[in-house]
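Note that this is a predicted model, so its numbers are computed, not measured.
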Amino acid sequence: MITEKLQTLNPMQKKAVLKTDGPILILAGAGSGKTRVLTHRIAYLIDALNVNAFNILALTFTNKAAKEMKQRVCEITQSGSDVWVSTFHSTCVRILRRDIQNLGYTNQFTIYDADDSEKLIKEILKTLQLDEKMFSPKSVMAEIGKQKDNLITPDVFLETADNFRLKKIAEIYKIYQSRLKANNSLDFDDLIFKTVELFSKNADILDKYQQRFKYIMVDEYQDTNTSQYKLIKLLSSKHKNICVVGDDDQSIYGWRGANIRNILDFEKDFKNAEVIKLEQNYRSTKVILNAANMVIKNNFGRKSKSLWTENIDGDKIICRCLDSDLEEAKFISEKINEKVKSNTANYGDFAVLYRNNALSRVIEERLVLSSIPYRLFGAQNFYSRKEIKDILAYLKVIYNPHDDIAIKRIINVPKRGIGDSSIEKVNAYAEKNSISFMEALSQANEISELKSRSKKLFSFYSLIKDLSELSEEISVSQLLNAVLDKTNYISEFAEESKSDISGRIDNIQELINKAVEYEQNNEDASLSGFLEEISLVADIDNLNNDENRVVLMTLHSSKGLEFDYVFMAGFEEGIFPSFRSILEGEPNIMEEERRLCYVGITRAKKQLYISYAKTRLQHGKYVYNTASRFLKEIPKDYLDLSENVSKTENISSPVKITKAENKFKPKKTYSGLKNNYAANIPSPKNIVLDFNIGDKVRQMKYGIGTVKKISPAGADYEVTVEFEKVGEKKVMAMLAKLKKL
């Protein structure tokens, strides 16, 4: 009985479960049992209030979280399988598959990944004759994504763009969207953008989903962006039974569009909202939790709360100042082996967290040297490997023959003697006759400019046509084998890359295994479903808690996870907080860095290690960083400093490095190289700028501008310049070769 299960909850958890009607904000601190509350709330609605499971929607951010929630709901209520538990993007895909025809697409649309989008952007830049150095595809994609997150259309963006660069990106955005539609494709940001557009333009469709989802729950609400907020607002506006769970102290994704105001202003956006705080932590020791509280209380933009726990006091946080990054890596590996060899812990109990991926190399090398098994997150995603993307491109074209980007990827893979010139001629013919690229291929014999190449092009068209017909009769795994068989893909690349053939074959076999697994888990398995599942997968979804390996990941990737033992490496100014956040000097940016620190600390259950190095090799040069400002926010009573290089070192103030203290002597850079880059990087004291703030300068790419700000930046100066054509830019003085006018 659900009423008996409620007795296992603490008073505030129980209050959150029993409050079912109207808007509710559950402020759930780290390790406070929010998933437990959400799952019991769903079960209570079904079993105690007789709400149809069909009428409940639960939204999360990762497939891993959605799967866990679904499993736990099914464990406590028999009707759990009927609840719609899904990520934002998966939910929107399901809605669009049913109703996107109202926006002029067909329901056989494909979903572009970042590589697909980048290729399309490159094609547009080429058409507009824009230099990729000035308009890098990645920066253009980021700006377009930002506009979509804020529900800004190309036309509106074009009207509001206030400088030359943004106006050009708005132009690219407009062409990009028209090309996506012509290809019957959506990019990742479109999934929510188009769902909101669908609801906004079709009141009847919105009403259908409002009637269905009478109770809506949203996990990790602090991570929502503007488009996700709008989606939630639209869906919940009829019944107003919206329950969001989140923690403003764990809002760390502002750089990718998350808007912390969504959770801070919840009571303003949803009238008569009730706020319930979950402050009891079940994860960490008192020492770890108190340290986290002391750090985060320095933020001003937050809701008042303080975590507490009935857990033991636990050991102090071990803080180590090491001579170098190499010594830091050695310290980490030694502590891990020490625990494992004493049978105190397993390798899988450890996580090494860092501010950026670049810090992992030295740690990885030391773990290998120490024979410590590990798993690195943030490396190349399985689905980003060339052979996997090639095979998936075949499946995309079979499913959606309008997907020009996928077609162009595989039209000469394996090699068929079809070059760029032939592709351009087919493209021109398609545009001239207002038909798709695939339709143009079917008429290759009529393209006079192709001459003898038409036979090869029509042969490719016939191959895809045959595979498309076959896909209607066989399973996804069988289709994968058919693609490999009919294209001779493996035998072709075997001749080209004998060195890594075994690994590439293993990867392809793993893709087939994935298809078989998908078919076993889905009664209504389909090609579209398989492509969707792959399109929406995230690297963190593959984290296997049963693997006995140390986990290496960024602090951003660690949110939502927990480990017995956590190392926070590179705890230095310029690294954490990041150099950029220090330069920006904006309180909200530094507060997000502090929230990231809070997230890192609260990942640890039993023991936390914090380490920083006096000297570190960065960008080919040895740099001397000071301890992170966040370290002095942790009271010394919570820190174990017994084995530091300097036991009298004052943690509460920046570490000052002197020659006497710097026992680590970096070797002299080898001078026999023609281009000794590391040795040639100057330090700011050796740079003499011939301009000051207010001066006019010229830069080769951006043109003429006015100097607004000059700041020391490691081995160079960062200069903020207001350029006449492209607006404000931050550039490095030496690298940008600024010239005073």
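Taking the side chain as every heavy atom from C-beta outward, Asp640 and Tyr609 never approach each other to under 4.5 Å. Inter-residue side-chain proximity for Thr344 and Gln607 is flagged as unmet; no heavy-atom pair is nearer than 4.5 Å. Counting heavy atoms from C-beta on, the side chains of Ile263 and Val244 never come closer than 4.5 Å. Contact check for Tyr354 versus Ser360: side-chain heavy atoms found under the 4.5 Å cut-off. By the 4.5 Å heavy-atom criterion applied to side chains, Val566 and Leu353 are counted as neighbours. At least one side-chain heavy atom of Leu536 sits under 4.5 Å from a side-chain heavy atom of Phe188. Contact check for Arg616 versus Ile575: side-chain heavy atoms found under the 4.5 Å cut-off. Looking at heavy atoms from C-beta onward, Asn356 lies out of side-chain contact with Ser578 at the 4.5 angstrom threshold.
Here the closest non-hydrogen pair linking Ser284 and Ala604 is OG-O, 2.6 Å. Between Val83 and Ile42, the closest heavy-atom pair is CG2-CG2, 3.8 Å. Of all heavy-atom pairs between Pro577 and Met590, the closest is CB-SD, 3.6 Å. Closest approach of Asp149 and Gly257 over heavy atoms only: OD2-CA, 4.2 Å. For the residue pair Phe377 and Asn357, the shortest heavy atom distance occurs at O-OD1, 4.0 Å. Nearest heavy atom pair, residue Ile601 against residue Ala292, reads CG2-CB, 3.7 Å.
Ser611 and Glu328 share a side-chain donor-acceptor pair at under 3.5 Å. Under 3.5 Å, the side chains of Asn337 and Tyr347 contain a donor-acceptor pair of N or O atoms.
Between the His556 side chain and the Ile252 main chain, a donor and an acceptor come within less than 3.5 Å of each other. Lys14 places no side-chain N or O within donor-acceptor distance of the main-chain N or O of Gln7, the cut-off being under 3.5 Å.
The aromatic rings of Phe270 and Tyr229 sit perpendicular to each other, their planes meeting at more than 60°, with 30° as the lower class boundary.
With respect to Asn262, the side-chain hydrogen bond (donor to acceptor under 3.5 Å, both in side chains) criterion is satisfied by exactly one of Asp223, Thr224, Thr226: Thr224.
Here Lys305 does not pair with Glu279 in a salt bridge; the nearest charged N to carboxylate O distance is not below 4.0 Å. The pair Glu593-Arg355 meets the salt-bridge criterion, since a charged nitrogen lies less than 4.0 angstrom from a carboxylate oxygen. Look at Lys514 and Glu533 and you find a salt bridge, because one of the NZ, NE, NH1 or NH2 atoms lies within 4.0 Å of a carboxylate O, short of that distance. Checked for salt-bridge contact, Glu274 and Lys15 meet the test: a charged N lies under 4.0 Å from a carboxylate O. By the 4.0 Å N-to-carboxylate-O rule, Glu365 lies close enough to Arg361 to be salt-bridged with it. Between Glu592 and Arg595 there is a salt bridge, since a side-chain N of the basic residue sits under 4.0 Å from a carboxylate O of the acidic one. Ion pairing between a basic and an acidic side chain is recognised when a charged N comes within 4.0 Å of a carboxylate O; Arg302 and Asp249 show such pairing. Ion pairing between a basic and an acidic side chain is recognised when a charged N comes within 4.0 Å of a carboxylate O; Glu633 and Lys297 show no such pairing.
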Stepwise side-chain contact (heavy atoms from CB on, under 4.5 Å) check, His40 with Gln13
CA-CA 9 Å; His40 279 70; Gln13 288 177 332; over 6 Å; no
side-chain contact (heavy atoms from CB on, under 4.5 Å) between Tyr44 and Leu49, worked out:
CA-CA 7 Å; Tyr44 180 76; Leu49 302 185; 3.9 Å; yes
Would Glu591 and Arg594 satisfy salt bridge (charged side-chain N to carboxylate O under 4.0 Å, His left out), going step by step from the backbone distance to the final call?
CA-CA 5 Å; Glu591 291 208 350; Arg594 186 174 284 106; 5.3 Å; no
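Annotation: Phe350 is not in aromatic contact with Phe563 [ring centroid separation under 6.0 Å not met].
A distance of 12.0 Å separates CZ in Arg549 from CG in Leu367, rounded to the nearest 0.5 Å. The OG1 atom of Thr285 sits 10.5 Å away from the OH atom of Tyr638 when rounded to the nearest 0.5 Å.
Cation-pi contact between Arg94 and Trp84: present, with separation from the ring centre below 6.0 Å and deviation from the ring axis of at most 45°.
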